[in-house]
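Got a structure here, written out as structure tokens. Questions coming.
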Protein chains: 2
Amino acid sequence: MTPARTPTGAAPTRGRRPGRSTGDDREVAILATAERLLRERPFGDISIDDLARGAGISRPTFYFYFPSKDAVLLTLLDRVTEEANAAAGDALVRLAEDPRARWRELIARFHATFGGHRDVVLACAQVRGTNAEVRRLWAEVLERWVRAVEAAIEGERARGAAPDGLPARDLAIALNSMNERVWYATFAGDGPAVAERDVVDVLLDVWLTAIYRTTTPPSL
Amino acid sequence: MTPARTPTGAAPTRGRRPGRSTGDDREVAILATAERLLRERPFGDISIDDLARGAGISRPTFYFYFPSKDAVLLTLLDRVTEEANAAAGDALVRLAEDPRARWRELIARFHATFGGHRDVVLACAQVRGTNAEVRRLWAEVLERWVRAVEAAIEGERARGAAPDGLPARDLAIALNSMNERVWYATFAGDGPAVAERDVVDVLLDVWLTAIYRTTTPPSL
DNA sequence: GACACCAGTCAACACCCTGTCGAGTGGAAT
DNA sequence: ATTCCACTCGACAGGGTGTTGACTGGTGTC
């Protein structure tokens, strides 16, 4: 696996061969094709041949750029999670100035990012069951967010704004998990789901009550 | 699809042919094989041939009993959800006598049922992404639980034990979604997860604070 | 007892998808 | 002019799914 053809570039990102120049266009074309096809049908119904033809290359050539279909999705997921991390940014600093507004900002930004790439997010959720690599990456990303939320909760408890209760980490896991599943249902549109218009406020309310026991936590 | 070979029995359950007598053993054998294999490897790594050989029949013969591999899992899921429904039972009646204990009972019973069939539950979660039938069944089941919780929340608000706030349905969706995802992580063991020992109490706390704004809601 | 019927069974086939191998090809570097 | 290598693809091997059509043996019927 991952023959690492060229020791040219820096770190070989995500099993993708670190091509030089000509190949870059093709790699981009494959990713663009994947995003386009994902808009019209589920990931499982897209074959490597579809991806290759869409990028104007043959199937064997596809393997020069990506080791598998899943690796393409992984690259797409990488982008989304990076964007989400950037969007989340500093929403949790100076939480004390206006806790409700800050938490809402955090949730709304994630919502906007995921909503903007719902096809990729949905495809990843589907593949997570069968692909260990996607599972691992998602677990990493989630762990990062859980830690950030855990620290924020502990900060709020330390300043007396939030009461003690569950271990902050467990609470952070539960709340992040809720968001993930609720967003999934909202974007997928199958099964019981919160309307997209309301979802941020619904999630926010549960977060605030779980953390503060009130929907109007105190500022400084 | 679903040729409906024999118009013998009543409603043909879940695409499974309504066999008469000899075939019943084989059908049971297939289901048992599926459960056994699921204990040792993921659903995607189990082929129809594995299922057939495990039940002592050939692959074509498998198709006499089930229209696909997924249909086997669907039958297994049916059992689990029926068991869960039975276990949940009357936990939400007379909620007012001891709300905390009742809610805990509900969550604990679901936890016990799912934990007792974690392989099936995990497999379904994985397949849900690719199989519309599983998705539909799960959506149905979830809808039922959401409605029950929604009604319970409204009951608690009516008697003045729980404050108004989010639409009860949205809250019920969010809480049920949280449980699903948190259990999944706990049983799967990948990514950030709550320890199995603690998971019921963690979920309970979030439910109580979201519904009542306190972890010690008032009795009658 | 011969016959028809049918649930149940499977070898063989057609098909699709994945991943690999080996033989190219063309442009840049020596 | 030659070498080298990123890049390309035809052809193959392998494995999974779903279907077809022929066969078998038990049961009920006349």
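Note on naming: letters A, B, ... go to the chains in the order of the sequence lines (proteins, then strands), and numbering restarts at 1 for each one. The figures here come from the full heavy-atom set of this structure, side chains too, leaving out hydrogens, waters and symmetry mates. Keep in mind that this is a model prediction, so the values were computed, not measured.
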Would you check if the distance from the ring center of F187(A) to the ring center of H111(A) is below 6.0 Å?
yes

What nucleotide among dC10(C), dC9(D), dT18(C) has an atom nearest to a side-chain atom of T61(A)?
dC9(D)

From the list dT8(D), dT18(C), dC9(D), which nucleotide is the closest neighbour of the side chain of S47(A)?
dT18(C)

Heavy atoms from C-beta onward define the side chain here; which of dT8(D), dT18(C), dC10(C) lies closest to that of I48(A)?
dT18(C)

For residues D78(B) and T75(B), is any side-chain donor paired with an opposing acceptor at under 3.5 Å?
no

In whole angstrom, give the distance that lies between atom CG of D49(A) and atom C1' of dG10(D).
13 Å

Side chains of I30(A) and I57(A) in contact at under 4.5 Å (non-hydrogen atoms):
yes

State which of dT20(C), dC10(C), dT17(D) makes the closest approach to the side chain of Y63(A).
dT20(C)

Would you kindly give the OH-to-C1' distance between Y65(A) and dT20(C), to the nearest whole Å?
18 Å

What is the nucleic acid contact for S58(A), judged by heavy atoms within less than 4.0 Å: base, sugar-phosphate only, or nothing?
base

From CZ of F62(B) across to C1' of dA11(C) the rounded distance in Å is 18 Å

Interatomic distance where CD1 belongs to I46(B) and P belongs to dG15(D) [whole Å]
18 Å

Any donor-acceptor pair under 3.5 Å linking the side-chain atoms of E180(A) with those of W138(A)?
yes

Mind running side chain to side chain donor-acceptor pair (under 3.5 Å) on W207(B) and N179(B) for me, showing each step along the way?
CA-CA 10 Å; W207(B) 280 59; N179(B) 284 24; 2.8 Å; yes

Of dG19(C), dA12(C), dT18(C), the nucleotide closest to the side chain of R59(B) is dA12(C)

Between dA12(C), dC9(D), dG8(C), spot the one nearest the side chain of F64(B), thanks.
dG8(C)

In whole Å, I'd like the distance from the CZ atom of F66(B) to the P atom of dG18(D).
14 Å

Against the side chain of K69(B), the closest entry in dA11(D), dC7(D), dT17(D) is dT17(D)

Nucleotide dA7(C), atom C1' - distance to CD1 of I57(B) in whole Å:
14 Å

